[in-house]
Amino acid sequence: AKAATARLKSAQKTEKRKTSGVAVLPGKLSDAASADPAARELFLVEGDSAGGSAKQARDRDTQAILPLRGKVMNSWDTDPLTLYANKEIHDIAVALGVEHHGLDDAADLSGLRYHKVVIMTDADVDGAHISTLLLTLFFRHFPRLVELGHVFVAQPPLYRVDVPARGKKPARRDYALDEAELTAIRDRLALDGYRPEAIEVGRFKGLGEMNPSQLRETAMEPATRRVLPIRASRADMAEALATFDMLMGRGEAAARRAWMEARGDQVEADI
């Protein structure tokens with residue numbers, strides 16, 4: 001039975017699409033012009049609308065954009081032999097130039113086409129879910145990229161705060177990552193003498209709603225953006241993988257429920 005299962009899996013094995021021995025880059029990838037992988041960044045962007053804004057906002061020399069359609073599948077329990085059957089995952093792997101591998105495999109990263117891989121999703125619950133699914137993919141099937149510090153998560157703002165001119169101070173625009181940051185900005189402006197009704201607050205519905213200059217300033221321009229580095233040492237990786245197994249594994253529903261209930265009790269206690 002085991003041999004039959006192995007034969008079936010081997011028959012279902014899915015390879016990257018290739019032409020003349022070279023992997024064909026995804027058609028929807030807007031690649032960076034630079035030939036130096038150390039200077040290049042790949043942004044994995046949620047949806048075509050956000051992808052369009054990101055293409056206009058990027059530095060074409062160093063930043064590549066790969067729009068993703070919908071939510072990438074939960075790949076935690078996916079057999080590596082059939083991983084590339086999923087188009088989005090196939091395209092990510094081809095764009096990266098790295099084969100899937102395990103933590104203890106002798107992974108060949110010589111073909112890595114980007115020094116930084118930036119997950120960029122909406123600043124809401126759905127966006128967080130997509131980020132989690134992509135991190136699941138990297139921790140499970142490309143762990144060396146995590147271990148070596150190549151993976152990042154962009155932190156685009158949820159709120160825009162327009163502050164009017166006051167005295168010698170010109171009008172300006174601030175951004176808040178979440179409700180807590182918005183409250184802190186309001187408090188600081190009140191201390192500076194701004195009336196609450198004079199401040200205009202807007203909430204972004206998603207990356208696609210941001211104009212290219214806003215997206216560039218908050219999530220893409222290295223000097224002003226906020227990105228969260230995702231890195232786990234070999235010593236920490238075992239604990240990280242155990243956490244992913246509990247959160248994303250098919251047979252871990254009871255453990256997930258207990259974990260969420262415990263965190264819910266903790267939040268109530270903190271309140």
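- Legend: residues meeting ring pair (Phe, Tyr, Trp, His ring centres under 6.0 Å) with Phe43, ordered by chain and number and at least two apart, are absent.
- When hydrophobic side chains of Ile, Leu, Val, Met, Phe, Trp and Tyr are connected at separations under 4.5 Å, Val125 ends up as a singleton with no cluster partners.
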message: Please evaluate residues Arg40 and Asp36 with respect to the criterion salt bridge (charged side-chain N to carboxylate O under 4.0 Å, His left out), reporting the C-alpha separation (whole Å), side-chain torsions for both, the decisive distance (0.1 Å), and the verdict.
response: CA-CA 7 Å; Arg40 291 155 57 94; Asp36 180 11; over 6 Å; no
Run the side-chain donor-acceptor check on residues 241-255: report pairs under 3.5 Å with partners two or more places apart or on a different chain.
{"residue": "Thr243", "atom": "OG1", "partner": "Glu239", "partner atom": "O", "Å": "3.1"}
{"residue": "Asp245", "atom": "OD1", "partner": "Trp76", "partner atom": "NE1", "Å": "2.9"}

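- By the side-chain hydrogen bond (donor to acceptor under 3.5 Å, both in side chains) test, Thr224 is found to be paired with no residue, residues two or more places apart in sequence or in another chain being considered.
- Residue pairs meeting the side-chain hydrogen bond (donor to acceptor under 3.5 Å, both in side chains) criterion with at least one partner in residues 47-57, sequence neighbours excluded, do not occur; the list is empty.
- Residues in residues 59-70 take part in no salt bridge (Lys or Arg N to Asp or Glu O under 4.0 Å) pair, two or more places apart or across chains.
- Under the side-chain hydrogen bond (donor to acceptor under 3.5 Å, both in side chains) criterion, Arg216 pairs with no residue at all, not counting sequence neighbours.
- Sorted by first and then second residue, the ring pair (Phe, Tyr, Trp, His ring centres under 6.0 Å) pairs with a member in residues 146-200 read His115-His150; sequence neighbours excluded.
- For Arg173, the salt bridge (Lys or Arg N to Asp or Glu O under 4.0 Å) partners two or more places apart in sequence, or in a different chain, are Asp162.
- In this structure Lys205 satisfies the salt bridge (Lys or Arg N to Asp or Glu O under 4.0 Å) test with no other residue, sequence neighbours excluded.
- Atom-to-atom distance recorded for Ile65:CD1 and Met120:CE is 5.5 Å, nearest 0.5 angstrom.
- Arg226 meets the salt bridge (Lys or Arg N to Asp or Glu O under 4.0 Å) test with Glu181; sequence neighbours excluded.
- Hydrophobic clustering (ILVMFWY, side-chain heavy atoms < 4.5 Å, transitive): Phe204 and Val201 are in distinct clusters.
- Each of Val118 and Val94 belongs to its own hydrophobic cluster when Ile, Leu, Val, Met, Phe, Trp and Tyr are linked at side-chain heavy-atom distances under 4.5 angstrom.
- Listed by chain and number, the residues in a salt bridge (Lys or Arg N to Asp or Glu O under 4.0 Å) with Lys28 are Glu88 (sequence neighbours excluded).
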